[in-house]
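Written below as structure tokens is the structure these notes are about.
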Amino acid sequence: MAQETRELICINCPMGCPLTVTLEDGEVISVAGNTCPRGDSYGRKEVTNPTRIVTTSVPVDGSKTERMVSVKTERDIPKGKIFDVVRQLAGVRAQAPVAIGDVVLANVADTGVNVIATKNA
Amino acid sequence: MSKTIEQRAIVVVGGGPAGLAAAIAAHEAGQTDVLILERDTQLGGILNQCIHNGFGLHTFKEELTGPEYAARYEQRADELGIERRLGTMVLDISEDRVVTAVSATEGITQIKAGAVILAMGCRERPRGALATPGYRPAGVYSAGTAQRLVNIEGQLPGREVVILGSGDIGLIMARRMTLEGAHVACVSEIMPYSGGLKRNIVQCLDDFGIPLLLSHTVVDIEGRDRVEAVTIAEVDDKLRPIPGTEVRYPCDTLMLSVGLLPENELSREAGVELSPVTRGPVVDQSLQTSIPGIFACGNVLHVHDLVDFVSQEAAAAGANAARYVSSGCKEGSDSRGVPVSAESGVRYTVPSFVDVDAMDDTLTVRFRVANEYRNRYVSVYLDGERIQHRKKRVMAPGEMEQVTLKKADLAARKGLAKITVKLEEE
Amino acid sequence: MYDVIIIGAGVSGCAIARELTRYDCSVCVVEREEDVCCGTSKANSAIVHAGFDAQPGTLMGRLNVEGNRLMYEWAKDLNFAVLPVGSLVVCVNDADRPGLQALLERGVANGVPDLRIIERDELLEMEPNISDEAVAALWAPTGGIVDPFGLTVALAENAAANGAEFRFNAPVSAIERAGKAWQVTAGGETLLTRTVINAAGVYADELHNRFVELSTGSDTLQASMTVAAEPLSIVARKGEYYLLDTTAGRHVRHTVFMLPTAMGKGVLVSPTVHGNLIVGPTATDVDDKEGTNTTPAGLAEVASKSSLTVKNVPLREVITTFAGLRAHQAAHDFVIGEMEGAPGLFDCAAIESPGLTSAPAIGVMVSGLVADALGLSAKPDGAFDPTRPGVVNLVMTSFDEWDELCQQDPAFGNIICRCCRVSEAQIVDVIHRMPQPRSLDAIKRRTGATMGRCQGGFCTPKIMEILERELGMAPEEVTKRGPGSELVVGHNKDRIATPGVRQEGGEAR
């Protein structure tokens, strides 16, 4: 039985709890150091399938107030796909009017996740 | 002035997160004659360029980006019909609360306010303030300026970047620049610990393999016209560069995230007493400054780590200002209450005074610690007696801490002369 | 064919150009940098020296005192900022009193008015923060402070308005004889001129030595003031400074110098016309004539010397540090005149401190030499306009006046630089003046924007936008200080390949 431990910092909230995740044959058997349940699930996910929300901005045409509109992935996407997401956003332009929550790019990088506006423009 | 002086119950200086929350709270407390003066052309302040996520976990129990967080407050302000004047820069606040402002549409205007809420935010410490040796070429940007260029203008300040200082904006910009196609060589931090939040080190540096060099600083900037290289050296425990440790990093951009300073020029001119530690106003439990009727909140009061705490604090300032106005704008008593003393590892507290009679049932006292500490106790003493003693696993200067005082505890102690907040090893 | 080509658009070159436009002649100023006031003129103590430093009988001594007088006079016509705050040379040791007396006598010999020695009590009244060691001081009420950018720009704008031409980004690569005239190659262009004036600052020795090569004997156009055809060597003498926030601007009320002692020379502590406090300079000879970098040793020296004359200088209020280079030569006097054997080639070289103060007098003198040599006549009455409109300073404007300005132009209500109170209106105003500013630093020199406590943190993107709009520039074309100092390098994701989309331009990384 191969047991290993991984030390992580929980990024769920700014408290940044130091987590100790214990794995056995690649399976998480315990998470310690968290102060809330979100830390436990973060710890489990981070060592098996880490994910992130990607935020960036894209140019917007026809807006009176903005040159750029900020966007984000609607949910977290696999960490390994961060650069696929921004690569696919290169060249994407939004068309005013844009409202918070509008889909700017659907199913980005085949993640099944939409990129949505985070600002009105 | 030849123009007439307008009368308003409450004038809020600044329409960022603090100003918005203060104005909303004042309105909700029954004082509907509230006016926000904002120098930018939109509300939201610095949140507009903070397009990353992580805002609002405490307030809305969900993770928002800066513009989304601002939009929630703006929407509430709209619902309440709170008046705001954009593109309006406050030039002067007098001791008797006459606010002078200028805008392109109105020219100079003067408003006599029942109460003034200072919510001007903060600014970045520039390169010049560090007296870093070297040339003064293009390509040296404070992180916030670079953030505006990238996020608002869509312009890339550089392609090969070194970041000095590990404040949160610098960490956030390390990721932003990477995602926009630049290469970030390293983040150099003169202190032995980071000035930013741990989560930002994980998701902005570690995720992208960007090294964080603790106890390192920039000792030379090369390039007469545009940055060509910077030299980074390790520092000793007195923060002096150690000869022989220099490493030269060819780059076209040096980004600085070396601290934020409350922007208190207006407060100083008004005669508001400022703390040499926070560089913000010295306030009592109602967040009132040394001038009766002038309140302060948010980053102009002390630099916060989380916008959620700014909103909470500002809401308290707004409600207190409303109460001040509805009780007839009475001058306070000479005494500002019991002093709160920051000792052993606690750099400062906000507030600095507590008027026990006037306080609410509970009072949040916010503070920052002076160093990185593990397994220390946060203690509160009333005169000699310890009334709170709470263990914290980790505390760092980059993160704000707080204790809650109960009116019942304070009122029970006759002749209370001093409240002390300090760190203890056991 | 020009009558006069002036090489160098520093304060001397611009003063000479302005004074020459009083005459009926064609003048062209060529400058290697992108704007006026980019060399020694931009980074110095910004002091109007009273004139007690230089040895009696020197050109320096004469032109300093005359320049001081003209400075205050010209400010009325040219609308640049100068304040006669007066200066103090502080003696911190009774043993050094003879030195103070000698300075007084030298000043009197140079013709400096109203000099007197004051004792500690009076000094303390004038400067409450003066050092506890101070025993007496030389008080020079004609000393003052000036905006060196404003002065140089005002001279250049007035010269341009009166017909002088300016060519920027035009370094001189060759000077040759062309019959009785001269051929100057600047920025790749060949220009013919009857006379050349060397006002090239730290590079004036290179030009002077070229003049020497071109010299053929002893004839001149007019020999009222000549320079020997012998090589000259100018050393770049670096001075490093601290500039403190306006919160520290009232720490002293006058320019405070230290009387040099056996222990060495101190640094000056002075208010500036922008309300800041300046502390410096050091004096270190450097090999690199572009060596305007600050150094750990230099900055440490300023910090340690700041306390010699003034107590508790609040160095933590520093908003920037900078270094300038003075054009020092061993004989320590200005080198002005026509070169022997090279009729029409004029030197205005080795203009080190008090060169800024002397600039108006230098302008009068050199223009006079050239006018005599060429037999120029003054323009007819009314053809020369000595006045130049100032740039509005909102810090000094009352709210009533400001409100009126806003009625005339709402852009006065749109604050761009919040630290220094510079509105959009002032920036647009200066952008459309000649010589035209095209960079962030050029706007700074004319309006003060970016000079405050945030050092351009908030206003840089806004000024870039105004430059783009007013001059039709692309963002990538906007510079800090001319070509090579571009502020942004491209746009977001411009080098991130989109799947299936070929990237235009830009090399792959």
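A note on names: the letters A, B, ... follow the listed sequences, proteins ahead of strands, and every chain is numbered from 1. Values below: every heavy atom of this structure, side chains too, minus hydrogens, waters and symmetry copies.
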Exercise. State whether the side chain of C:R421 and the backbone N or O of B:L91 hold a donor-acceptor pair below 3.5 Å, judged by distance alone.
Key: yes
Who wins among [options] for the most heavy-atom pairs under 4.5 Å with chain C?
| options | value |
| --- | --- |
| B:L156, B:T253, B:V227, B:D225 | B:L156 |
| B:A129, B:S142, B:G154, B:G107 | B:G154 |
| B:A146, B:G158, B:P241, B:P157 | B:P157 |

Can you tell which part of [X] gets under 4.5 Å to a heavy atom of chain B, answering side chain, backbone, both or neither?
| X | answer |
| --- | --- |
| C:T246 | neither |
| C:E465 | side chain |
| C:E486 | backbone |
| C:E290 | both |

Quiz item: Can you name the one residue among C:T321, C:T320, C:T292 that meets side chain to side chain donor-acceptor pair (under 3.5 Å) with B:R136?
Solution: C:T320
Can you say whether [X] sits under 4.5 Å from chain C via the side chain, the backbone, both, or neither, judging by heavy atoms?
| X | value |
| --- | --- |
| B:R148 | side chain |
| B:R240 | neither |
| B:E106 | backbone |

Working to the nearest 0.5 Å, report the span between [atom1] of [X] and [atom2] of [Y].
| X | Y | atom1 | atom2 | value |
| --- | --- | --- | --- | --- |
| C:R418 | B:M89 | CZ | CE | 6.0 Å |
| B:T132 | C:L299 | OG1 | CG | 9.5 Å |
| C:T247 | B:R268 | OG1 | CZ | 5.5 Å |
| B:L179 | C:N492 | CG | CG | 10.5 Å |
| C:F412 | B:I108 | CZ | CD1 | 11.5 Å |
| B:E153 | C:K462 | CD | NZ | 10.0 Å |

What do you reckon, is [atom1] of [X] surrounded by more than 12 foreign heavy atoms closer than 6.0 Å?
| X | atom1 | result |
| --- | --- | --- |
| C:R250 | CZ | no |
| B:E6 | CD | yes |
| C:D287 | CG | no |

Self-check item: Ion pair C:R453/B:E265, N-O distance below 4.0 Å
Solution: yes
Exercise. Look at C:E33 together with B:R224 and state whether they make a salt bridge at an N to O cut-off of under 4.0 Å.
Key: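 Salt bridge present between C:E33 and B:R224.
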Heavy-atom pairs under 4.5 Å with chain B: which of [options] has the most?
| options | result |
| --- | --- |
| C:P483, C:G457, C:G298, C:A425 | C:G457 |
| C:S398, C:G484, C:C406 | C:G484 |
| C:C454, C:G490, C:P296, C:A411 | C:G490 |
| C:A323, C:G456, C:A303, C:G291 | C:G291 |
| C:S423, C:P475, C:C419, C:G482 | C:P475 |

For the student: nearest non-hydrogen atoms of [X] and [Y], plus distance:
| X | Y | value |
| --- | --- | --- |
| C:Q455 | B:P126 | CB-CB, 3.8 Å |
| B:R226 | C:L487 | NH1-O, 3.2 Å |
| C:D288 | B:Y135 | OD2-OH, 3.5 Å |
| C:S485 | B:A138 | O-CB, 3.3 Å |
| C:V489 | B:D252 | CG1-OD2, 4.2 Å |

Flag the pair [X] / [Y] as yes when at least one side-chain heavy-atom distance between them is below 4.5 Å, and no otherwise.
| X | Y | answer |
| --- | --- | --- |
| C:N293 | B:P133 | no |
| C:K480 | B:V140 | no |
| C:M464 | B:L149 | yes |

